[in-house]
Amino acid sequence: MPAFNDTSRPACGTLFGIGVGPGEPDLLTLRAANALSRVHVVFAASSTRNDYSVALDIARPHLPADARIETLGFPMTRDRGALAAAWEANARAVADTLLKGEDAAFLTLGDPLIYSTFGYLLRTLRRVAPDLPEDAVQVVPGVTSYQAAAARTRTILCEADETLLLVPGVNGTDKLAADVAGADNAVILKAYRKFPEIRRVLDEQGAAEQAVFVSRLGLPGEVIAPSLAEAPDAPHYLTLLLVPKARTGNDSGEA
């Protein structure tokens with residue numbers, strides 16, 4: 001990889017880590033749309049089992065007609081070696097694009113720095129291309145799924161001196177129970193795989209009735225349930241729970 005003071009190569013391109021929001025294309029920010037309008041290459045993450053990307057579908061109305069779309073495959077595995085190899089290959093592909101002087105976007109659901117694949121890419125890119133200028137990577141924040149879900153269901157996430165816990169639903173139930181019990185309000189992301197256990201924990205804590213179930217928000221197959229008793233037993237991957245503090249007159253139901 002050439003040094004960045006090499007005047008024989010093009011100026012370094014810019015990578016935009018862009019949060020495309022939870023599902024509806026009009027929830028992209030103006031900054032995200034402006035960044036997408038200028039890039040040469042659009043990187044979209046997908047499983048190695050297919051080349052489908054929800055984030056790409058959301059962003060597609062905002063892409064330039066001549067943008068080159070490249071899918072970066074990530075294996076659905078817990079094998080750290082396989083994951084590290086995939087991240088390195090993908091980071092090198094991004095670095096090569098920037099070294100050609102091309103601007104690029106890496107698309108991610110929600111916000112790029114909250115439970116996002118972009119965080120892994122950013123760390124790996126810094127390692128494989130340490131000479132990249134600091135401003136060669138710019139992060140464009142996005143609307144998170146839980147913000148959009150709260151707005152859609154009119155659920156107050158926190159106010160006054162209350163706390164808000166953001167937790168993945170992949171941990172053991174004992175840890176989840178302790179975490180949620182210590183917070184005034186909670187958001188449980190990635191709630192699909194262990195949903196029956198999560199529902200049991202919240203029911204035992206008396207929080208299941210006011211919890212709001214949201215799946216595939218803004219996408220085909222959207223499901224919103226104002227209580228966990230009405231939620232499906234085997235929800236989709238894109239599922240979250242809002243667990244607000246019980247409030248008098250709190251309006252957290254779907255219109």
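Below, all heavy atoms of this structure are taken into account, side chains as well, without hydrogens, waters or symmetry copies.
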Are there over 12 heavy-atom neighbours, none belonging to E209, within less than 6.0 Å of that residue's CD?
no
F43 ring center near F106 ring center (under 6.0 Å):
no
Does a side-chain heavy-atom distance below 4.5 Å link L125 with L15?
yes
Among L176, L240, V201, side chain to side chain contact (heavy atoms under 4.5 Å, CB included) partner for I188:
L176
Are the side chains of T14 and V137 in touch, meaning some heavy atoms are under 4.5 Å apart?
no
Check this for me: does any side-chain nitrogen of one of R199 and E204 sit under 4.0 Å from a carboxylate oxygen of the other?
no
Against T155, only a single residue in L242, N185, V187 fulfils side chain to side chain contact (heavy atoms under 4.5 Å, CB included); can you say which?
L242
In a check of side-chain hydrogen bond (donor to acceptor under 3.5 Å, both in side chains) between D103 and each of R38, Q138, H40, which one passes?
R38
Report yes if the side chains of L241 and I198 come closer than 4.5 Å at any heavy-atom pair, otherwise no.
yes
Between R60 and D57, does any NZ, NE, NH1 or NH2 come within less than 4.0 Å of an OD or OE carboxylate oxygen?
yes
side-chain contact (heavy atoms from CB on, under 4.5 Å) for E222 and R152? Distances and angles first, verdict last.
CA-CA 12 Å; E222 174 186 277; R152 177 71 171 274; 2.7 Å; yes
Quick one: do L109 and Y115 satisfy side-chain contact (heavy atoms from CB on, under 4.5 Å)? Show the steps, please.
CA-CA 9 Å; L109 290 171; Y115 292 122; over 6 Å; no
L27, I58: one ILVMFWY side-chain cluster at the under-4.5 Å cut-off?
no
Verify the neighbour count for atom CZ of R127: are there more than 12 heavy atoms of other residues, nucleotides or ligands below 6.0 Å?
yes
Any carboxylate oxygen within less than 4.0 angstrom of a Lys/Arg side-chain nitrogen, looking at D179 and K175?
yes
Salt bridge or not between R68 and E70? Use side-chain N to carboxylate O under 4.0 Å.
yes
Minimum side-chain heavy-atom gap R200-P196 below 4.5 Å:
no
What verdict does the side-chain contact (heavy atoms from CB on, under 4.5 Å) test give for L107 and F118, after you've listed the backbone C-alpha separation in whole Å, the side-chain angles of each residue and the deciding distance to 0.1 Å?
CA-CA 8 Å; L107 306 179; F118 181 73; over 6 Å; no
With a 3.5 Å distance limit and no angle check, can you tell me whether E88 reaches the backbone of A85 through a side-chain donor-acceptor pair?
no
Heavy-atom distance under 4.5 Å between the side chains of C158 and D184, does that happen here?
no
